[in-house]
Structure formats: C-alpha cells, structure tokens
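Just so you know, these numbers come straight off a predicted model, no measurement behind them.
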Amino acid sequence: MRVFTGSLATETNTFAPIPTGLGAFHDRGYFRAGQHPDEMTFFGGPLWAARQRAATYGWTLSEGLVASANPGGVVTRLAYETLRDELLADLRAALPIDIVLLGLHGAMVADGYDDCEGDLLREVRQIVGPDAVIGAELDPHAHLSEAMVGHANVLITFKEYPHTDVLERALELADLCHRTALGEIDPVAAVVDCGMVVPIHTTREPGRSLTDRAQALEGHDGVLSISIVQGFATGDVKDMGTKVLVYADGDAPMAQTIARRFADEVITLRDALLVRYLDIDTALDRALASSCGPVVLADRSDNPGSGAAGDSTFILERMLARRIGNAALGPLWDPVAVSIALDAGVGATLDLRIGGKIGPLSGTPVDGHCLVRAVFPDMTMTGQAGTPSPLGDCALVELQGIEIVLSTRRAQALNIDLFTQLGCDLASKKMVVVKSAQHFHASFSTIAHEIIYVGAPGSASPDWSALPYKKIKLPKWPIHNRPHAK
C-alpha cells in the first residue's frame with residue numbers, strides 16, 4: 001500500500017497585526033520533501049506516526065513538505081499558495097497513492113482563502129481521485145467546514161488541551177485510514193454545530209470528564225472517532241465555532257445521534273467550561289496575597305499561541321508601578337533588546353527599552369536600567385508533546401527585581417525550561433507571568449502553587465464581544481447577539 005504524508009499548518013488570528021509570510025514558516029519549521037528530522041515536530045505527527053506504522057503495515061511511504069508557522073495574522077497569499085503548491089507537487093510526484101495522511105491545523109486563513117484546509121483537501125482529492133483514503137490530524141481550535149469534512153475520509157483532532165496527545169491521535173488516524181483502505185470499516189461523518197465557541201481545558205472539570213466520556217466510546221459498537229472541535233474565537237470566518245464531529249462505521253444515524261448528544265452536553269456545560277479572567281490589578285492582588293509561591297499568571301491576551309505579538313507591557317507596567325519584585329516574566333518578544341543585551345554581555349548594566357513595539361495593543365515601551373543576567377544564542381524550548389519550539393537568541397534581564405526572558409522569535413510559554421535554561425530559579429519567585437493561554441499548564445503546573453488567568457488588553461483578548469466580527473454566524477454564545485459590523 002502506497003502512503004503519502006505531509007503537513008501545512010498555522011493558526012490565524014484575523015485580528016492580529018502581524019501578517020504571516022513565508023519567513024514565519026521558515027522560522028518555525030520548514031522541511032522539504034524527505035528532509036523531516038528524526039524527531040517528531042508538532043504538526044508532523046501524522047508523518048511520525050506513518051514512519052512507525054510503515055513497517056507494521058508494509059506501507060511504501062512517501063514524505064512531502066512539512067511546514068508550520070507560529071500563530072499570527074492572516075497568511076499572505078504568496079505564502080499559502082507557494083507552500084500549498086509545493087505540497088501538492090510532492091503528492092503528484094508520489095502517485096499513485098492509496099492513503100494520504102496530513103498534519104493540518106484547521107484555523108488557517110490566508111488572503112483570499114478563508115478556509116485554507118478545505119481548499120487544500122479539495123486539491124488533494126482532485127489529485128488522488130475518489131478511491132484514495134484521505135485523513136488529517138487537526139488542532140481542536142479549528143474552523144470545521146463542510147469542505148474539510150466532505151473531501152476527507154477521516155479527520156481527528158487532538159483531545160487534550162494542552163495538546164499533549166499529538167502522537168496518540170496521529171496513530172489513531174493512521175490506523176483508521178489503513179482499515180478504511182482495506183475495506184474493513186466505512187467511516188461515516190456527522191457534524192453538529194453547538195452555536196457557540198468555548199474553550200475546553202482538559203486539566204480541570206468539567207472538560208476532563210467530558211473528554212474521557214467521548215474517548216471511552218471510541219472503538220466500541222461501531223463508534224470510530226469523536227472529536228469535540230472547540231473552535232478559535234479570534235478567527236473571523238463563517239465556520240468559526242464549537243462543533244462535534246463523530247465517525248461511525250457505516251451508520252449515519254448513529255453518528256448523528258452521538259454527535260447531537262455530545263453537542264447538547266457541551267451546551268449544558270458551557271458556563272462551567274468558560275475561563276474566568278481577572279483584571280490585572282485583581283490578579284496581582286491575589287498573587288501577592290498567596291502565602292506560598294510561585295503563583296503563575298497567564299497573560300492570555302498577549303499569547304503568541306493565539307496570534308498576538310507577544311510584546312505587550314500592560315502587566316509588566318503595573319508590576320513596576322506597584323514595585324512588585326521577586327518575579328519572572330516571559331517570553332517577551334523584542335529582537336532589538338535581545339541584540340543589545342547580547343552585545344553588552346552577561347553582567348552588564350544598561351538602559352533598555354523593552355516591548356510595546358508593534359501597536360496600541362502592545363502597550364507602551366518600558367524604559368529601565370537593566371542587569372543582563374544571562375544570554376543564550378539560538379535557544380530551543382521544549383514544546384507541546386515534547387516537540388522542539390525555537391526561541392531564537394534569548395536574554396534574561398532583570399529590571400527592578402523582575403527577571404524577564406527576551407526572545408528574538410515569537411513564541412508562547414510552553415515549558416519551564418524557557419526560564420531555567422537561562423538560570424532563572426522559578427521556585428524562589430513570588431509570581432511568574434507567562435505569555436500563554438493554556439499550553440503552559442502541562443509544565444508550569446508542576447511548580448505553581450496557584451494559576452491565575454489574566455484578562456489584560458491585547459490582540460488575543462478573551463473579551464470576544466469587543467472584536468469587530470464581520471463574517472461569523474451570529475448569534476454565537478457568549479458573543480453578544482448583535483448584527484454584523486458594517
């Protein structure tokens with residue numbers, strides 16, 4: 001059996017100020033056909049799973065382009081079409097093909113393409129024909145479209161948030177597609193739109209039990225796969241929202257019944273699933289009142305993992321104004337400040353202007369006399385599911401008792417080694433501010449006495465009702481029931 005695998009993925013915040021061009025893909029991870037490294041990359045899960053299954057199933061494997069970019073603003077037309085066409089050329093060169101396994105995101109938006117994944121899967125289907133099996137692994141923060149479901153045989157999202165199960169879901173995808181190609185199963189899809197958008201943290205209830213109940217049904221009585229697609233609220237496209245996707249073995253009514261059941265359950269649980277955000281000063285007060293440390297504060301609004309710039313200073317400014325020390329913050333994206341710190345060297349004290357570079361939603365730059373505590377050229381952080389996440393050149397600077405990790409590449413806080421590689425002792429800190437929404441949790445929960453989610457200003461603000469949507473279907477809870485913006 002001939003199998004082709006590849007990847008093209010990013011998550012697009014259509015309100016973010018920084019467009020995502022070809023350079024963003026080359027910075028995050030760009031591997032031409034046959035050049036993927038001997039380790040799993042985050043959106044290379046299907047490729048890694050295919051390598052593991054090839055010997056077991058006797059596959060002849062062809063590997064195409066694997067390219068991903070950090071979440072950001074709308075992808076340029078040049079970037080999307082160039083990378084899409086490269087991946088499709090790799091597929092044509094590998095024909096004939098029985099199975100296609102793709103690593104996608106599901107919320108990629110480009111100039112002229114509101115549904116990049118639907119467009120890509122349509123092109124793949126035209127190339128391989130109606131009899132080939134097409135499967136794709138998606139991030140649950142996807143915009144599940146009719147085109148995506150219609151042109152693929154099987155779509156599977158990660159179940160965990162943080163996304164720690166990339167390989168497990170990729171292996172499931174490979175197995176289901178193999179069985180489909182052999183004629184052992186006939187995946188039939190059902191989709192139910194919940195009419196809302198809600199995060200589902202699997203690190204707490206009720207998200208944990210909801211996910212466990214869905215997973216417990218898979219593999220029994222003809223239920224092949226259940227994916228709860230959470231949606232991505234800062235993507236202004238018509239398909240945005242929370243949906244349930246179920247595949248049953250040749251049984252459309254059963255798939256529809258199960259999808260409806262889980263959709264109703266998600267709707268019932270929606271208030272409990274929502275994250276409660278504190279304003280900056282309330283969050284700082286609570287952290288200061290804690291008898292133990294460190295308290296981890298998640299700056300969700302400036303999360304590069306949601307497309308924000310990662311250079312906002314709103315929380316930092318309040319900490320400095322309130323003379324809060326014995327703290328850490330990072331990563332703060334500022335290539336200019338990093339370059340100056342590297343040139344100055346460890347132990348240097350100098351005046352630096354930090355952050356606030358990109359626009360109004362980044363706040364104003366912070367000026368201060370800083371001590372360069374450490375530098376680390378070309379640093380890599382341990383990312384989701386153990387995959388590498390490049391940070392570029394980094395520096396640890398101290399400003400009024402706050403140790404700040406500065407990076408030259410935009411990235412969210414995924415692992416405590418973001419700080420520890422630079423010698424920052426998190427256990428001794430009163431509080432740690434991380435630029436992340438939820439993916440920090442898997443690692444930082446191991447050292448945190450308490451975790452607080454902060455609703456500061458920013459381009460990835462959780463105050464979705466304030467966003468100028470033009471394309472989404474309204475009403476959509478909890479976004480106010482209002483007409484489209486003119």
Side-chain angles (χ1 to χ4, degrees), residues 9-16 71 74 104-109 113-119 121 136 138-150 152 155-159 161 163 189-202 206-207 210-211 214 225-247 255-256 258-275 300 305-307 437-438 460-485:
T10 191
E11 181 180 63
T12 302
N13 179 340
T14 57
F15 305 103
V74 173
L104 307 177
H105 184 284
M108 183 177 181
V109 180
Y113 299 88
D114 278 1
D115 179 15
C116 290
E117 289 83 1
D119 174 71
L121 288 167
L138 304 174
D139 189 295
H141 300 109
H143 311 307
L144 190 67
S145 69
E146 290 183 7
M148 291 162 64
V149 177
L155 301 173
I156 292 179
T157 69
F158 315 140
K159 286 183 168 59
Y161 184 30
H163 305 328
V191 178
V192 173
D193 189 338
C194 298
M196 63 186 202
V197 59
V198 68
I200 301 175
H201 289 183
T202 55
L210 175 69
T211 302
S225 175
I226 301 174
S227 292
I228 301 175
V229 182
Q230 301 177 33
F232 185 59
T234 44
D236 185 18
V237 297
K238 72 179 183 66
D239 291 304
M240 187 272 278
T242 301
K243 302 174 185 179
V244 177
L245 169 64
V246 174
Y247 289 96
Q256 181 66 30
I258 294 173
R260 181 73 260 174
R261 187 179 103 200
F262 273 93
D264 289 341
E265 188 169 359
V266 173
I267 294 168
T268 300
L269 295 172
R270 65 189 189 182
D271 283 297
L273 289 167
L274 271 182
V275 182
R300 190 261 182 274
S306 299
Q438 172 67 355
S461 168
D463 183 11
W464 301 328
S465 293
L467 296 175
Y469 292 106
K470 295 180 180 179
K471 298 179 181 179
I472 67 169
K473 296 177 183 177
L474 292 171
K476 191 178 299 292
W477 186 93
I479 299 167
H480 293 325
N481 300 345
R482 58 183 173 81
H484 287 299

Can you confirm whether Ile200 sits close enough to Ile228 that some side-chain heavy atom of one is under 4.5 Å from a side-chain heavy atom of the other?
yes
Please enumerate all residues that pass side-chain hydrogen bond (donor to acceptor under 3.5 Å, both in side chains) together with Glu265, with sequence neighbours excluded.
Arg213
Flag side-chain contact, heavy atom, 4.5 Å: Leu155 against Leu245
yes
Measure the shortest side-chain to side-chain distance between His105 and Thr10 over non-hydrogen atoms and say whether it is less than 4.5 angstrom.
no
Quick one: are Met108 and His143 in side-chain contact, heavy atoms under 4.5 Å?
no
To the nearest 0.5 Å, how far apart are SG in Cys194 and CD1 in Ile267?
5.0 Å
Pair Asp236 + Lys470, salt bridge at N-O below 4.0 Å:
no
Is there a side-chain contact between Lys238 and Ile472 in this structure, where contact means two heavy atoms from C-beta onward sitting under 4.5 Å apart?
no
Do Asp271 and Trp477 have side chains that get closer than 4.5 Å, going by heavy atoms?
yes
In short, Phe15 meets Ala233 closest at the heavy-atom pair CE1-O, 4.5 Å
Leu474 vs Ile479, side chain to side chain contact (heavy atoms under 4.5 Å, CB included): CA-CA, chis, key distance, verdict:
CA-CA 8 Å; Leu474 292 171; Ile479 299 167; 4.0 Å; yes
Donor-acceptor contact present, side-chain Lys476 to main-chain Met240, <3.5 Å
yes
Report yes or no: does Thr12 contribute a side-chain atom to a donor-acceptor pair with the main-chain N or O of Thr14 at less than 3.5 Å?
no
Do Ser145 and Asp115 have side-chain N/O donor and acceptor atoms under 3.5 Å apart?
yes
Close side-chain approach of Met148 to Leu138, heavy-atom, < 4.5 Å
yes
Euclidean distance, Tyr161 OH relative to Gln438 CD, rounded to 0.5 Å:
5.5 Å
Verify side chain to side chain contact (heavy atoms under 4.5 Å, CB included) between Val266 and Leu210, making sure each step is shown before the conclusion.
CA-CA 8 Å; Val266 173; Leu210 175 69; 3.8 Å; yes
Thr157 OG1 to Gln230 CD distance, which is reported to the nearest 0.5 Å:
8.0 Å
Fit a plane to each ring of His163 and His141, take the angle between them on a 0 to 90° scale, and name the class: parallel (under 30°), tilted (30 to 60°) or perpendicular (over 60°).
tilted
Starting at NZ of Lys473, measure out to CG of Asp239 and round the result to the nearest 0.5 Å.
6.0 Å
Could you tell me the separation between the CG atom of Leu269 and the CG atom of Asp264, rounded to the nearest 0.5 Å?
11.0 Å
Rounded to the nearest 0.5 Å, how far does CD1 of Ile226 lie from CZ of Phe262?
4.5 Å
Between Ser306 and Arg300, is any pair of side-chain heavy atoms under 4.5 Å apart?
yes
